[in-house]
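Here the structure is laid out as structure tokens; the discussion comes afterwards.
Proteins get letters first, then strands, A, B, ... in listed order; numbering begins at 1 in each. Since we're looking at a predicted model, the values are computed, not measured.
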Amino acid sequence: MLDIQLFRENPDLIRQSLTKRHQDPSPVDQVITLDEKRRELLQEVERLRAERNQGSQEIKKIEDPDQRQEKIASMRAVGDQVDLLNSKLKEVEINLKSLMAEIPNLVDDRVPDGADESENELIKTVGDVPEFSFTPQPHWDLGPALGILDFERGVKLSGTRFYVLNGVGARLQRALVSFMLDTHTRHGYQERYTPFMVKEDIVFASGQLPKFAGNLYHDHEEDFWWVPTVEVALTGLHKDEILEETALPLEYTAYSPCFRREKMSAGREVRGIKRGHQFDKVEMYIYCTPEESEKQFQRMVDDAERVCRELELPYRVNKLCTGDLGFHAAITYDIEVWAAGCGEWLEVSSISNVLDFQARRAAIRYRPKDKKGTRFVHTLNGSGLGLPRVMIAVLENNQQADGSVVIPEVLRPWMGGVEIIEPPT
RNA sequence: GGAGGGAUGGCCGAGUGGACGAAGGCGGCUGUCUUGAAAACAGCUGUGGGUGUUAAAGCCCACCGGGGGUUCGAAUCCCUCUCCCUCCGCCA
């Protein structure tokens, strides 16, 4: 959510931002009109309330019964006016809020203009794409051949886009989760384990609702939404709180499964485990002061890159262009790792500076040390990293001619002695 | 799932229709005293919105778990929801 002050003082900035995102800027004018209407009604309501408050105070002092009844009658009339105008006001406020709730964050000046992902800007490429003396297999062949990946039974259990990991395959994923959490906690992040189903206002606060309801799973009997990313829960963690500046920055890491309907990509040909309705992810999340958020953003990108480096996966970093930028992000860097078998760069992380966009929705503020009042914190989120795609890259890049896969060095402490995944004999 | 009891400011806790944004205590901040600290004493100490201003002060409105109602007037009465506690049942 953007600051209503910004609509009043610098609406052009918001219009330009929407235009950069290739979106219609006209909601800005609707917001301004509704805001004016709201204040007009509010002032009248408050004026009448003040009159009633004062009148009611006088009533208890009036001794004469007739005068008293007369005053009560006139205050009743004022009260009826208040009710009438107040219901109009409420309606305007609901419309205003729902309009503002669907306007995306301001775009950072450094974000390159572009219509879609093809116009994202390559920042850097790190590591060498591995060479093979044989044709590397894609994971959808390799995994089943190794007996660690079972698509048929996944489909039996839950339908298309679900799979089962077996034995060392499941263990490899667990090792990746532990490795990532341990790496991040070593670099200052505090681990959290959160609910995977959250209430509607929590999903609203992080920005996935109301606009992206179609991509979320929802329990219709209870007020539960399955998290599409644990970022949702990590935003909700400090909802409605006022933090002390000395407590900032708050740096969290959390593991969770993520649940997405993926309706938009329903028809798209995606083989293997690259895109499912359920996938695991380790997330990083930071709350900090506005002065610090750029620094924290760079740091978080580096923290995500570190995971790729330690896993010895070749990767590249892209700055998303305006057309590919997410709703709540002001700026986003994506990290892609090379997967030798399917021959693709796979997006494994998305790191965003959200500024105060989520904090305003979630009412997360802090008390500055030397100033009066409160300010909204800035929040940042980044995957660190998405599991299935890292699994793909690890399996495909480390495969050998005989179909076996060498486990990366850094994961071995969690692999119970397994250094190589051999095909069943 | 059944029965009962609760929810008040950073914390504890009073308040059952008007002078209550809310006693009192604790904590915190500032000052006096002190070489310094402690103690004592005095003052201050919530959030949001509107208006106003170069900025502020000031003024007004709202907030006593959420929503709705009764009333001239609600922390206080009524309805409803949520959450917490105690007991019983069930359970990984």
Worksheet item: Quantified in whole Å, what is the C1' atom distance between nucleotide A62(B) and nucleotide G9(B)?
Response: 16 Å
Worksheet item: When the distance from CD of Glu9(A) to P of U53(B) is rounded to whole Å, what number comes out?
Response: 14 Å
Worksheet item: Would one find a side-chain N or O of Gln43(A) under 4.0 angstrom from OP1 or OP2 of U51(B)?
Response: yes
Practice prompt. Using Watson-Crick or G-U wobble geometry with both distances below 3.5 Å, tell me the partner of G73(B), or none.
Written response: none
Worksheet item: So which one's nearest nucleotide on RNA chain B is more toward 5', Ile242(A) or Lys71(A)?
Response: Ile242(A)
Discussion item. Taking the C1' atom in each of U80(B) and A7(B), what is the distance between them to the nearest angstrom?
Written reply: 16 Å
Worksheet item: To the nearest angstrom, how far is Phe376(A) atom CZ from U47(B) atom P?
Response: 13 Å
Discussion item. Does C61(B) have OP1 or OP2 under 4.0 Å away from a side-chain N or O of Arg52(A)?
Written reply: no
Discussion item. Taking any heavy-atom pair under 4.0 Å as a contact, classify Ile59(A): base, sugar-phosphate, or nothing.
Written reply: base
Worksheet item: With Glu58(A), which residues qualify under side chain to side chain donor-acceptor pair (under 3.5 Å), at least two apart?
Response: Lys71(A)
Discussion item. Rounded to whole Å, how long is the line connecting atom CZ of Arg76(A) with atom C1' of G69(B)?
Written reply: 16 Å
Item to complete: Grab the CG-P distance between Leu41(A) and G49(B) for me, whole Å please.
Response: 19 Å
Fill in: Complement of U34(B), any strand, by Watson-Crick or G-U distances under 3.5 angstrom
none
Discussion item. Please report the distance separating the P of C84(B) from the corresponding atom of U30(B), rounded so that it comes out in whole Å.
Written reply: 39 Å
Item to complete: Please state how far atom CD in Glu58(A) lies from atom P in A19(B), giving the value in whole angstrom units.
Response: 15 Å
Worksheet item: Under 3.5 Å, is there a donor-acceptor pair linking the side chains of Glu121(A) and Asn318(A)?
Response: no
Fill in: Any Arg39(A) side-chain N or O less than 4.0 Å from OP1/OP2 of C61(B)
no
Worksheet item: Below 6.0 angstrom between ring centroids: does that apply to Phe327(A) and Phe357(A)?
Response: yes
Worksheet item: If the C1' atom of C78(B) is compared with that of G17(B), how far apart are they to the nearest Å?
Response: 14 Å
Worksheet entry | Arg38(A) side chain near G49(B) phosphate (N/O to OP1/OP2, under 4.0 Å) | no
Fill in: Value in whole Å for how far the P atom of C83(B) lies from CD1 of Ile202(A)
13 Å
Discussion item. From CD of Gln5(A) over to P of U51(B), roughly how many Å is that when rounded to an integer?
Written reply: 9 Å
Worksheet item: When we call it a touch if two heavy atoms are under 4.0 Å apart, what does Arg8(A) touch: a base, just sugar-phosphate, or nothing?
Response: sugar-phosphate
Practice prompt. State, yes or no, whether a side-chain contact exists between Leu248(A) and Val377(A) at a heavy-atom distance under 4.5 Å.
Written response: yes
Worksheet item: Any side-chain donor-acceptor pair under 3.5 Å between Asn166(A) and Asp150(A)?
Response: no
Worksheet item: Partner of C87(B) by Watson-Crick or G-U wobble geometry, both contacts under 3.5 Å, or none?
Response: G2(B)
Discussion item. Going by purine N1 to pyrimidine N3 plus the second Watson-Crick contact, or the G-U wobble pair, all under 3.5 Å, which nucleotide sits opposite C59(B)?
Written reply: G50(B)
Worksheet entry | A14(B) and G25(B), which share atom name C1', separated by this distance in whole Å | 11 Å
Discussion item. Under a 3.5 Å threshold, yes or no: a donor from one side chain and an acceptor from the other, between Arg361(A) and Gln358(A)?
Written reply: no
Discussion item. Between G46(B) and U53(B), how far apart are the two C1' atoms, rounded to whole Å?
Written reply: 25 Å
Worksheet item: In whole Å, what is the span from the CZ atom of Arg361(A) to the C1' atom of G48(B)?
Response: 19 Å
Discussion item. Roughly how many Å apart are U34(B) and C61(B), using the C1' atom of each and rounding to a whole number?
Written reply: 47 Å
Discussion item. Just to be sure I understand the rule, does Thr374(A) reach a base, reach only the sugar-phosphate, or reach nothing, if contact means heavy atoms closer than 4.0 Å?
Written reply: sugar-phosphate
Worksheet item: Is the backbone N or O of Ile273(A) less than 3.5 Å from a side-chain atom of Arg161(A), with the two atoms forming a donor-acceptor pair by type?
Response: no
Fill in: Touch class at under 4.0 angstrom, heavy-atom based, for Lys90(A) against every strand present
sugar-phosphate
Worksheet item: When you compare G49(B) with A42(B), how far apart are their P atoms, in angstrom units rounded to a whole number?
Response: 36 Å
Using atom names, set out every protein N or O paired with an N or O of nucleotides 54-60 of chain B below 3.5 Å, distance rounded to 0.1 Å.
{"unit_1": "A57(B)", "atom_1": "OP1", "unit_2": "Lys372(A)", "atom_2": "NZ", "d": "3.4"}

Worksheet item: Looking just at side-chain N and O atoms, do Lys281(A) and Thr229(A) make a donor-acceptor pair shorter than 3.5 Å?
Response: yes
Worksheet entry | side chain to side chain donor-acceptor pair (under 3.5 Å) against Thr253(A), all qualifying residues, sequence neighbours excluded | none
